[in-house]
Amino acid sequence: MSRTTALIAAFAATALSAPAFAQSRPITAVPASVAADVAKLRDAALKDDVAYDIIEGITTEVGPRLAGTEAEARARAWGLAKLKALGFKNVRIEPYQMPVWVRGEETAEVVSPFPQKLRLTALGNSGATPSEGLTAEIVYFPSVQDLQAAPEGSLKGKIAFVSNAMVATQDGSSYGTFGLARFAGPNIAATKGAAAIVIRSIGSDHGRGPHAGLTNFADGVTPIPSAALSTSDADNLVRMIARGKPITLKLVLTPRQIGTQESGNVIAEVPGSDPAAGVVLIGGHLDSWDLGTGAIDDGAGIAITAAAAKYFLTGPKPRRTIRLVWFGSEEVGGFGGRAYAAAHGKERHAAAAESDFGADRVWRVETNLPDSAKAAGDRLAAALAPLGIVRGKELAGDGSDVGPMMKAGVAAIDLNQSGQRYFDYHHTPEDTLDRIDPAQLSQNVAAWTTMLAVIANAPEEIGAVTPK
């Protein structure tokens, strides 16, 4: 007896013994049936070990992969060889050019009144201090909104400090709220006249490993030195400020822009049997920040999607071509996603999805499918249910790398992972292989394999949609 049959039988038995008032409630919908071949692939993928092998390999043999650097180039070569060895077809690198920022020396210390060193890291696109450093008084802001409210020119010659503390959420939504301190804080501080800015790392951990990440400055705004303090050091600095004495901080940050360099996307395919049915685009990003070894961000994403696609290299061809892309330079501005759209945007794409939120279990699926493919969405939800995945009510459309294709009207699938511990390690020195839970990783592979089995083989037309 299949699991679906068992569930229906159990429901029927319960209904027969229930009180009359319960029996009077109408059953409004019966889950779609799950095809035997889809269930077989799903269950086989729960025993997958390919994804872990990919993460172990890239973190061990390549390590950190900062976009546009020699390390990212080695990652592309590694990926090309790995995908060929796994049996994928049409494996190639599609290079493009991009501006590159690299970090230099980065230190901080409280000079007075409580002298001690702090741990921090420069934010991507940060400006530089003089080589001997910058020493100035701190002006404290509990939130980026408080920084925004500071009078024009009030921070001249000062170091702004924003301390908002992120909290963990299952869906990761708090990143957008608290992340504004990193995304927009440095630009705001620069327009207020600040000499530099430090923020509490955008993370849910409590430790001394700072979180890297990108910031941007508006046209005409000169970048100022910008850094993220470890969460523990930021908390310590808040306690110092609470003592009511002026705090003087010395910063040494010497990052630099090194001009235009090469990055690229690594692409591989499982050819489909019906070219007119379009491409199912999947993948994650190959680059990483340089503090850790990029295991959860995003070694996991490239591994999960590759391991799932590999199940379709044997047996009957899927109806639609499955195109796997390991995107370059996502962390520093999504250059790989835009390069892909520029090169392939005119090709027929049926659906797109990406994995870029670690390796913890998938708990929810959301879709943005045309009415013609509503039944495919129903079948997908039913097939994912035994993995503990619920169907969400919002439109899908997340993902920076596949975002340009989704904005052009390509249908979207979101397989949402739990974010409860993701931001403990995101962009930190602790983003390493030991953060990967093999059982949860395999559940991800099973979810992605199921999605491909349903969507790549759906007999329905999957046309354009209105983007999220």
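- Judged purely by distance below 3.5 Å, without hydrogens or angles, the side chains of Glu72 and Ser263 pair a donor atom with an acceptor atom.
- One N or O on the side chain of His427 and one on the backbone of Ala212 form a donor-acceptor pair closer than 3.5 Å.
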Walk me through it: do Phe423 and Tyr175 pass the test ring pair (Phe, Tyr, Trp, His ring centres under 6.0 Å)? CA-CA 8 Å; Phe423 290 105; Tyr175 183 55; 4.7 Å; yes
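- Under the 4.0 Å criterion applied to side-chain N and carboxylate O atoms, Asp235 and Arg200 are assigned as salt-bridge partners.
- Using a 3.5 Å distance cut-off with no hydrogens or angles, the side chains of Gln145 and Ser143 do pair a donor with an acceptor.
- Glu366 and Lys468 are not joined by a salt bridge, as no carboxylate oxygen comes within less than 4.0 angstrom of a charged side-chain nitrogen.
- Judged by distance alone, the side chain of Glu354 and the main-chain N or O of Asp401 form a donor-acceptor pair under 3.5 Å.
- Considering Ile199, Leu253, Val198 in turn, Ile199 is the only one that fulfils the side chain to side chain contact (heavy atoms under 4.5 Å, CB included) rule with Leu123.
- The CG atom of Leu415 sits 11.0 Å away from the CG atom of Asp398 when rounded to the nearest 0.5 Å.
- A donor-acceptor pair is defined here as one N or O able to donate and one able to accept, closer than 3.5 Å; no such pair exists between the side chain of Arg42 and the backbone of Leu387.
- With no hydrogens or angles considered, no side-chain donor-acceptor pair links Asp48 and Ser442 at under 3.5 Å.
- At distances below 3.5 Å, at least one donor-acceptor pair connects side-chain atoms of Gln443 with backbone N or O atoms of Val362.
- A distance-only check finds no donor-acceptor pair linking the side chain of Asp356 to the backbone of Asp297 [under 3.5 Å].
- Between the side chains of Glu269 and Thr321, no donor N or O sits under 3.5 Å from an acceptor N or O.
- Each of Asn368, Thr466, Asp414, Leu369 was evaluated against Leu395; a single residue qualifies, Asn368, per the side chain to side chain contact (heavy atoms under 4.5 Å, CB included) test.
- When side chains are defined from C-beta on, Ile462 counts as touching Arg320, because their heavy atoms get closer than 4.5 Å.
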